[in-house]
Amino acid sequence: MRFENELKVIKKGVEEIIPVDELLKKLEKSAKTGVPLRIKYGIDPTGYDVHIGHLVPIRKMREFQDMGHIGVIIIGDFTAQIGDPTGRDDSRPPLTKEQILENSAKYMEQLFTVLDPARTEIRYQTEWFGSMGMTDVIKLMGKFTLAQFLAHDTFRNRYEQGLALGMHEIMYPILQGYDSVAIHSDVELGATEQKFNILAGRDMQRYFGQEQQVAVLSPILMGTDGVNKMSKSMNNYIAVFDPPAEKFGKVMSIPDKLIVNYYNYATTLHPDEIQKIKEELESGVNPMLSKKRLGWEIVKLYHGAEAADEARSAFEKQFSQKEIPDEMPEFNSPEQSLKLIRILTESGLCETNGEAKRLIMQGAVSVDGTKFTAIDAEIELVDGAVIKCGKRKYLRIRK
RNA sequence: GGAGAGGUUCCCGAGCGGCCAAAGGGAACAGACUGUAAAUCUGUCGUCAGACGACUUCGGAGGUUCGAAUCCUCCCCUCUCCA
């Protein structure tokens, strides 16, 4: 049957589908009636930096779109004020309308590197929450019990660890759940940590007499540190806005253990191909090679094959062959010569004089290939001279 | 409302009158090594100063003291138990 095939595609790279048989029924019904399914994914417009971990469920949405269904992106302008308790940010300052609009515009720009705009609907929570009164809110809250929330990992852990847990935070799943009612969601996508929130949507829909949505949960992508999940706050992420060389470098910095994981969730390679890479790794092929390919695949996804080639060869030049990169920041000064320390700080290569001194003493700084270790070194400012500071920072002198 | 515990440098977490710019760990950065911005080892890690040292920091505001992250007062915030 046709939907069996579709189901196979949907299942690929997905951790859990709750419940599978309902999804099958929905697919069947949609095929029969010609009415596309509504696939929901919510974002909080607290920022706009999208990283490749966010895009794991978004790719799934694209697959649904390619089957003819509708992707509905919810801009969580209300939930943004709460902050997803699943994260650990304590308080969020309320966002202005302008910020929300700006953030969501930039957010969508990045999502559209993956999504099909023709089959994407963008909805704001304000549409349905903006006019709600206290009575409605109380009614919604009454649909859930405290026990339910305390059964939720995040809430329980924070409670048991004695961390602060604001009353408003329990509103998060309630609001997210009601979103599903408001947009008549058929499927909600999210990472596995979203399970509770997404299931809350199912409950809400039942209370409102709607057909319940199906949860399609993607695995959580680990951050480049290999320890925490990829997130902005841990600064272990590869952003969609990162330039190609940056993406490539960040991929090279992931621990070797993560290679297969990234192939699975951050690329669109065929599972058989990934299996092959896995076997190669196990048989002792240098992980660096698989990583280079991984970096290439990821850059290609966002910037095309040409950019991927460039990123790879730039990396090889700079780190394997230790050549000087073509592009680097430049520094201008009217002086004939300057203290090395001052060049480093004034150009912004180093934050403080102390840092500059440290780096010099540690032998991290060289000018045109000559290492300088004297703190008070004075440098002739010659046009085109290249200062190297550490592994990745370069500066070209301009006259 | 009552009784306790606590707020420390980017994060976690010690310190509880001078030896504290503050242990330890993590992160970060650097060096060595490596066909990886992996792993490992070593070092650095408040600001200024070449160094001696000076200055700013331990929730906030005052106070005691020759001297406070450490003691006192008030305030703000968090947690636990009782109701």
Side-chain angles (χ1 to χ4, degrees), chain A residues 85 87-91 150 155-169 222-239 242-263 277 280-282 284-299 311-325 328 339-342 344-346 348-366 371-378 387-394:
Chain A
R88 35 173 233 152
D89 293 328
D90 320 277
S91 57
L150 286 176
F155 290 121
R156 198 187 51 238
N157 288 344
R158 277 177 61 187
Y159 181 71
E160 284 174 356
Q161 284 169 29
L163 298 171
L165 186 56
M167 288 296 288
H168 66 301
E169 293 185 74
M222 289 297 271
T224 51
D225 57 4
V227 182
N228 298 101
K229 68 165 187 169
M230 187 174 284
S231 77
K232 279 177 242 174
S233 49
M234 297 303 294
N235 197 26
N236 60 1
Y237 64 100
I238 301 176
D242 278 339
E246 191 73 11
K247 283 196 182 80
F248 193 92
K250 282 183 180 177
V251 170
M252 293 307 287
S253 82
I254 66 171
D256 294 349
K257 303 175 207 78
L258 235 55
I259 295 175
V260 175
N261 186 284
Y262 268 52
Y263 268 111
I277 291 165
E280 281 174 6
L281 273 172
E282 280 161 2
V285 171
N286 189 335
M288 182 203 56
L289 296 172
S290 333
K291 235 192 252 182
K292 278 186 184 171
R293 162 123 194 244
L294 176 63
W296 188 89
E297 292 287 348
I298 289 177
V299 174
R312 183 179 50 203
S313 60
F315 182 90
E316 284 168 350
K317 267 192 210 156
Q318 187 174 346
F319 296 104
S320 310
Q321 289 148 43
K322 303 207 186 320
E323 280 178 29
I324 296 162
M328 64 181 82
K339 288 228 174 173
L340 189 50
I341 297 173
R342 294 198 55 201
L344 293 178
T345 48
E346 281 177 27
L349 234 50
C350 294
E351 298 262 323
T352 63
N353 287 354
E355 187 189 342
K357 282 179 205 163
R358 238 177 280 132
L359 289 169
I360 293 172
M361 282 191 277
Q362 287 176 143
V365 182
S366 63
K371 203 179 269 188
F372 280 81
T373 49
I375 296 171
D376 53 0
E378 182 115 1
I387 296 180
K388 184 184 182 200
C389 174
K391 286 178 223 185
R392 292 160 57 197
K393 288 195 249 177
Y394 289 89

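In the text below, chain A, chain B and the rest are named by the order of the sequence lines, each starting its count at 1. Fair warning: this is a prediction, and the values are worked out from it, not measured in the lab. When reading the values below, keep in mind they use all heavy atoms of this one structure, side chains included, and skip hydrogens, waters and symmetry mates.
- R392(A) has no side-chain polar atom (N or O) that falls below the 4.0 Å cut-off from OP1 or OP2 of A28(B).
- Comparing D376(A) and G363(A) by the nucleotide of RNA chain B that holds the closest heavy atom to each, the one mapping nearer the 5' end is G363(A).
- For P255(A), the listed nucleotide lying nearest its side chain is A38(B); candidates were A38(B), G31(B), C29(B).
- What separates CD1 of I298(A) from C1' of U36(B) is a distance of 15 Å, to the nearest Å.
- Residue A377(A) is classed as having no contact, given no heavy-atom separation below 4.0 Å to the nucleic acid.
- No donor-acceptor distance shorter than 3.5 angstrom exists from the side chain of Y262(A) to the backbone of I254(A), with no hydrogens or angles considered.
- Base pairing annotation: A23(B) forms no Watson-Crick or G-U wobble pair, as no partner gives both donor-acceptor distances under 3.5 Å.
- E351(A) places its CD atom 10 Å from the P atom of C48(B), with the value rounded to the nearest Å.
- Look at G50(B): it lacks any Watson-Crick or wobble partner with both distances under 3.5 angstrom.
- In this structure, C66(B) and G18(B) make a Watson-Crick or G-U wobble pair, each of the two defining distances being under 3.5 angstrom.
- N353(A) comes within 4.0 angstrom of sugar-phosphate atoms only, judged by non-hydrogen atoms across all strands, and of no base.
- Taking every side-chain heavy atom of Q362(A) into account, A30(B) is the closest of A37(B), A38(B), A30(B).
- At the phosphate of G50(B), OP1 or OP2 sits under 4.0 Å from a side-chain N or O atom of K357(A).
- Using a 4.0 Å heavy-atom distance criterion, G249(A) is classed as a base contact.
- Base engagement by K291(A) is indicated by at least one non-hydrogen atom pair under 4.0 Å involving a base atom.
- In the set A37(B), G31(B), A38(B), the nucleotide with an atom closest to the side chain of K371(A) is G31(B).
- Ion pair R392(A)/E246(A) flagged as a salt bridge, since at least one NZ, NE, NH1 or NH2 atom sits closer than 4.0 Å to an Asp/Glu carboxylate oxygen.
- Projected onto RNA chain B by closest heavy-atom contact, N286(A) and T345(A) fall at different nucleotides, the more 5' of which corresponds to N286(A).
- A28(B): Watson-Crick or G-U partner is U44(B), with both key distances under 3.5 Å.
- Residue contacts for F248(A): at a heavy-atom cut-off of 4.0 Å it reaches no nucleic acid atom on any strand shown.
- Atom-to-atom, CD1 of I259(A) to C1' of A38(B) comes out at 8 Å; the value is rounded to the nearest Å.
- Comparing U78(B), A30(B), U34(B) by their closest approach to the side chain of A164(A) singles out U78(B).
- Taking side-chain N and O atoms only, T352(A) has a distance below 4.0 Å to OP1 or OP2 of U47(B).
- Residue contacts shown for L289(A) are absent, as no nucleic acid heavy atom lies under 4.0 Å away.
- Taking a pair to require two hydrogen-bonding distances under 3.5 Å in either a Watson-Crick or a G-U wobble arrangement, U78(B) pairs with A5(B).
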* Go through the steps to decide whether L344(A) and I387(A) satisfy the test side chain to side chain contact (heavy atoms under 4.5 Å, CB included), and finish with yes or no. => CA-CA 9 Å; L344(A) 293 178; I387(A) 296 180; 4.2 Å; yes

